[in-house]
Novice: 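Sharing a structure here in structure tokens format.
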There are 2 protein chains.
Amino acid sequence: MRADAQRNYEMLVEHAKLAFAEHGVDASLDAIARRAGVASGTLYRHFPTRLDLVEATLSHQIADLIGLGHHLLLPTHDPFTALSTWLHATLHHALTYRGLSATLLNTTLDHTPETPSPWHKELLDTTTHLLNRARAANTITTEATDTEILKTVTAIAWATRNAPDQADRLLTLLLNGLRYGR
Amino acid sequence: MRADAQRNYEMLVEHAKLAFAEHGVDASLDAIARRAGVASGTLYRHFPTRLDLVEATLSHQIADLIGLGHHLLLPTHDPFTALSTWLHATLHHALTYRGLSATLLNTTLDHTPETPSPWHKELLDTTTHLLNRARAANTITTEATDTEILKTVTAIAWATRNAPDQADRLLTLLLNGLRYGR
DNA sequence: ACCTGAACACCGTTCAAGT
DNA sequence: ACCTGAACACCGTTCAAGT
């Protein structure tokens with residue numbers, strides 16, 4: 001990549017982080033480009049879709065989350081606790097920016113024509129594995145599908161986007177509903 | 001009201017219903033006005049905010065829902081069953097138009113500066129009463145507040161907006177989590 | 001190879017002028 | 001008293017022209 005292009009890329013990610021943190025993932029792309037000191041066309045060249053830009057600002061955090069997921073899949077962990085830890089972490093991730101929960105729902109869990117990003121696929125896969133382990137250990141109901149459970153987690157993130165302190169309590173409620181023999 | 005104004009009002013409500021049903025509550029107001037055969041200013045004269053128009057299209061359904069609420073508060077009903085019936089009905093109401101769940105969350109459950117509409121106040125009040133009865137009968141946990149529970153119901157509506165057949169199952173999961181001595 | 005910025009499309013909202 | 005529709009502001013997205 002040419003040096004000026006590299007610099008533009010970094011400036012865009014940096015200002016996107018600020019804008020997303022302040023206004024949520026629906027922040028004006030035009031304003032991001034302006035504050036990063038580039039024209040709008042340059043933003044679109046580097047990030048064809050808004051999702052590309054969102055993912056770029058979250059790349060480290062996503063890597064961490066996926067790392068945690070792999071860790072929790074080790075057989076040393078109690079299946080239900082591992083599932084619980086994972087869903088809480090996913091919930092917090094979805095709360096990073098206002099509107100990120102909607103992005104997650106749309107791109108991972110609703111039938112989108114586009115291929116889901118590797119990030120989203122990994123999220124769903126990890127959840128599936130942890131749920132399967134919890135089901136195999138006979139600790140949770142089989143009443144709800146993987147997708148439905150992950151949907152509910154994003155829904156909780158969405159519902160508590162202006163009061164994130166309530167998020168964990170609502171997820172605990174969901175886990176109570178899932179759990180057998182409480 | 002002048003005869004032409006009356007007619008414009010009705011035409012606007014009628015076309016708003018169609019547009020909301022097709023595109024959700026975020027449908028273009030301009031397009032609604034155009035198809036109703038009036039200019040945009042006329043729409044704003046009758047319905048200063050989008051919420052006013054949304055409520056107008058739902059007035060009958062809202063009346064029905066509130067009627068059901070009053071009915072369920074009669075002491076003849078089992079407290080938990082009444083609560084369950086009410087939350088399922090509220091859930092279905094929130095699913096009427098795509099995006100209505102978001103409206104409900106914003107105007108009823110998040111700190112909005114504006115005074116909530118009588119409709120929303122009634123919704124929250126009825127839920128509070130039914131929850132209190134269920135708690136007094138010792139059938140549900142006291143771990144979650146009224147607002148949090150209603151939030152979760154709107155969240156489920158939001159999460160299943162493209163797959164409404166899953167909505168009731170997810171609400172059942174929530175009720176399982178709430179219920180004591182399942 | 002990359003960037004600029006005008007151009008187009010679309011929307012919400014207001015308000016002076018008209019009836 | 002009510003309606004019209006132009007005007008303004010804001011945004012996303014594309015693409016011809018420039019370097």
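Proteins come first, then strands; the chains are lettered A, B, ... in the order of their sequence lines, and each starts at number 1. Values below: all heavy atoms of this structure, side chains included; hydrogens, waters and symmetry mates excluded. Note that this is a predicted model, so its numbers are computed, not measured.
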Novice: Given A/H120, which of A/D125, A/T107, A/T103 fulfils the side-chain hydrogen bond (donor to acceptor under 3.5 Å, both in side chains) condition?
Specialist: A/T107
Novice: Below the 4.0 Å mark, does D/dC3 have OP1 or OP2 next to a side-chain nitrogen or oxygen of B/H46?
Specialist: yes
Novice: Between P on D/dC10 and CD1 on A/I32, what's the gap in Å once rounded to a whole number?
Specialist: 17 Å
Novice: Rounded to whole Å, please give me the gap between CD in A/E10 and P in C/dC2.
Specialist: 14 Å
Novice: Counting only heavy atoms not in B/Q61 (residues, nucleotides, ligands), do more than 12 fall under 6.0 Å from its CD?
Specialist: yes
Novice: Round to a whole Å and report the spacing from CG of A/L53 to P of D/dG12.
Specialist: 11 Å
Novice: Ion pair present between B/R135 and B/D146, side-chain N to carboxylate O less than 4.0 angstrom?
Specialist: yes
Novice: For A/N8 and C/dA1, what is the distance between atoms CG and C1' respectively, to the nearest whole Å?
Specialist: 13 Å
Novice: Report the distance from atom NE2 of B/H23 to atom P of C/dC10, rounded to the nearest whole Å.
Specialist: 13 Å
Novice: Summarise protein proximity over nucleotides 13-19 of chain D in one line of letters, 5' to 3': B for base, S for sugar-phosphate only, - for none, counting protein heavy atoms closer than 4.0 Å.
Specialist: BBB----
Novice: Using atom CD of B/Q6 as one end and atom P of D/dA1 as the other, report the distance to the nearest whole Å.
Specialist: 17 Å
Novice: Given the rule that I, L, V, M, F, W and Y join up when any side-chain heavy atoms are under 4.5 Å apart, are A/L175 and A/L68 in one cluster?
Specialist: yes
Novice: Determine, using ring centers only, whether B/W86 and B/H77 are less than 6.0 Å apart.
Specialist: no
Novice: Going by the rule side chain to side chain contact (heavy atoms under 4.5 Å, CB included), which residues pair with B/R98 if we only count those two or more places apart in sequence or in a different chain?
Specialist: B/R161, B/N162
Novice: Can you tell me the Watson-Crick or wobble partner of C/dT19, both distances under 3.5 angstrom?
Specialist: D/dA1
Novice: Rounded to whole Å, how long is the line connecting atom CG of B/L43 with atom C1' of D/dC2?
Specialist: 14 Å
Novice: Kindly point out which of C/dC3, D/dC11, D/dC2 is positioned nearest to the side chain of A/S28?
Specialist: D/dC11
Novice: Does atom NE2 (B/H88) have a neighbourhood of more than 12 heavy atoms from anything else shown, all under 6.0 Å?
Specialist: yes
Novice: Rounding to a whole Å, what distance do you find between A/L51:CG and D/dG12:C1'?
Specialist: 16 Å
Novice: 5'-most contact on DNA chain C: B/A27 or A/V38, nearest heavy atom basis?
Specialist: A/V38
Novice: Could you please name the partner base of C/dA6, counting Watson-Crick and G-U wobble pairs only when both distances are under 3.5 Å?
Specialist: D/dT14
